Asker: 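Shown below is the structure under consideration.
Chain A is the first sequence line, chain B the second, and so forth, proteins listed ahead of strands; every chain is numbered from 1. Everything numeric in this text was worked out from a predicted model, so none of it was measured. Quick note: numbers below take in every heavy atom, side chains included, and nothing from hydrogens, waters or symmetry partners.
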Number of protein chains: 2
Amino acid sequence: MKRNTWQREAVRGALDGNDGFVSAQGLHSALHAAGSPIGLATVYRALADLAVTGEADSLQSPEGESLYRACSTDEHHHHLICRNCGLTVEIEADAVETWAKDVAAQNGFTGAAHVVDVFGLCAECTAKFAASA
Amino acid sequence: MKRNTWQREAVRGALDGNDGFVSAQGLHSALHAAGSPIGLATVYRALADLAVTGEADSLQSPEGESLYRACSTDEHHHHLICRNCGLTVEIEADAVETWAKDVAAQNGFTGAAHVVDVFGLCAECTAKFAASA
DNA sequence: ATGGTTTTGACAATCATTATCAACAGGGCT
DNA sequence: AGCCCTGTTGATAATGATTGTCAAAACCAT
């Protein structure tokens, strides 16, 4: 049976209150900073659960950390992520969906899953960099 | 200055002789098994170098390991990877390239880089699974 | 062969993540 | 309400990949 604990709520809430992706470690620190005595292992477990139930989305940063984000929809979608400030835009990619499926099929692959994420500099950060350069 | 050492050649050779992606750890084990006394740190360094010079391609497995592969071309391309046997097919994806660029531009992002890889079961493994199911 | 510099490699350090396991708490049941 | 069973927690240890360290060895031009 699945029980309702304040810890799980805390993690869910922390995710909701965040615009971009957060690492498990970061989320734990944030919760601690906010005074919550939640344990690190619990944060990992809660995040894994949320990811499984589809309430959260997970991806890997180029540095190898696992990042999580509250998902507004439970549909399949991808992300456009600012590599500087972490701003995230959800993007739809029907074209890519079908492309991935086609390519897989053409090569005899089944059960195709794909990793499609775009990293870049958002407008704001681009301006910031241009100014400082 | 860049020096030519047998260790670097060994890593390059081991990569060339491999069809799919290999982890740094795996490559090191393989070299050791083949009798090479090469050090683990050296393998990591060599792989990083090859990745930078474009002679090798790197991506992250869903488990978070860094995987490397000798690249037949120095052009930008993506991969279709069997999640069971590691078979890798290089795929071209002009459509995706432009899509990624467009999406980024539409949202004011610059310097867009993208991670596009497709994981699935190759025909062989699909058959194997079907038989055992 | 020599010298200056890069590279190597054994090992320690780091970092994220997972496992352990005893103490604890949720919630259905009486 | 009180109890008990079972899922959950959390401090800490364990794991596993990767990176840093630094003296010794190798490379290459001279």
Asker: Think A:Tyr44 has a side-chain N or O under 4.0 angstrom from the OP1 or OP2 of C:dT18?
Answerer: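 For A:Tyr44, the contact criterion (side-chain N or O under 4.0 Å from OP1 or OP2 of C:dT18) is not met.
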Asker: Using the rule given for side chain to side chain contact (heavy atoms under 4.5 Å, CB included), can you reason through B:Phe109 versus A:Val89, listing the C-alpha separation, both sets of side-chain angles and the distance that settles it, and then say yes or no?
Answerer: CA-CA 10 Å; B:Phe109 278 57; A:Val89 181; 4.3 Å; yes
Asker: Please figure out whether A:Arg45 or A:Ser23 has its closest DNA chain C nucleotide nearer the 5' end.
Answerer: A:Ser23
Asker: Would you indicate which nucleotide in C:dT7, C:dA16, D:dT9 comes nearest to any side-chain atom of A:Gln25?
Answerer: C:dA16
Asker: Just the rounded figure in Å: distance from P of C:dA16 to CG of A:Leu47.
Answerer: 14 Å
Asker: Reckon A:Leu40 touches a base, only the sugar-phosphate, or nothing at all at heavy-atom distances under 4.0 Å?
Answerer: base
Asker: Between A:Thr42 and D:dG10, does any side-chain N or O lie under 4.0 Å from OP1 or OP2?
Answerer: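 Yes, because at least one side-chain N or O of A:Thr42 sits under 4.0 Å from OP1 or OP2 of D:dG10.
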Asker: Look only at the side chain of A:Ser36 and the backbone of A:His32, and say whether a donor-acceptor pair between them is shorter than 3.5 Å.
Answerer: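 Side chain of A:Ser36 to backbone of A:His32: no pair is present.
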Asker: Below 4.5 Å, heavy atoms only, C-beta onward: do B:Ile38 and B:Val11 meet side chain to side chain?
Answerer: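 Of all side-chain heavy-atom pairs linking B:Val11 with B:Ile38, at least one is under 4.5 Å.
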Asker: Please step through side chain to side chain contact (heavy atoms under 4.5 Å, CB included) for the pair B:Tyr68 and B:Val43, ending with a clear verdict.
Answerer: CA-CA 11 Å; B:Tyr68 296 88; B:Val43 173; over 6 Å; no
Asker: Nearest whole Å is fine: how far is C:dC11 P from B:His28 NE2?
Answerer: 12 Å
Asker: Does some side-chain heavy atom of B:His78 sit less than 4.5 Å from a side-chain heavy atom of B:Val118?
Answerer: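 Side-chain contact under 4.5 Å: no.
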Asker: Quick one: does A:Arg3 reach the base of D:dT6 with a side-chain donor-acceptor pair under 3.5 Å?
Answerer: yes
Asker: Over all heavy atoms of both residues, which pair between B:Leu47 and B:Leu15 is shortest? Give the atoms and the distance, please.
Answerer: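 Smallest heavy-atom distance, with atoms named: CD2-CD1, 4.0 Å.
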Asker: Verify side chain to side chain contact (heavy atoms under 4.5 Å, CB included) between A:Leu31 and A:His28, making sure each step is shown before the conclusion.
Answerer: CA-CA 5 Å; A:Leu31 283 168; A:His28 175 240; 5.6 Å; no
Asker: Please report, rounded to the nearest Å, how far the P atom of C:dC15 is from the CG atom of A:Leu67.
Answerer: 17 Å
Asker: Taking only N and O in the side chain of B:Thr5, is any of them less than 4.0 Å away from OP1 or OP2 of C:dT6?
Answerer: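 It does not, given that no N or O in the side chain of B:Thr5 lies less than 4.0 Å from OP1 or OP2 of C:dT6.
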Asker: Verify the contact: side-chain N or O of B:Ser66 to OP1 or OP2 of D:dA17, cut-off strictly under 4.0 Å; return yes or no.
Answerer: no
Asker: Taking atom C1' of C:dG26 as reference, at what distance in whole Å does atom CZ of A:Arg8 sit?
Answerer: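 The answer, rounded to whole Å, is 12 Å.
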Asker: Taking the axis from the first five pairs and the axis from the last five, what angle separates them in the helix from C:dA1-D:dT30 to C:dT30-D:dA1, rounded to 10 degrees?
Answerer: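 Between the first-five-pair axis and the last-five-pair axis there is 30°.
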Asker: Which nucleotide, D:dG20, D:dG10, D:dT18, lies nearest any side-chain atom of A:Ile38?
Answerer: D:dG10
Asker: If I take atom CH2 in residue A:Trp6 and atom C1' in nucleotide D:dG7, what distance separates them, rounded to the nearest angstrom?
Answerer: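 Interatomic distance, CH2 of A:Trp6 to C1' of D:dG7: 16 Å.
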Asker: Round to a whole Å and report the spacing from CD of B:Glu9 to P of C:dT8.
Answerer: 11 Å
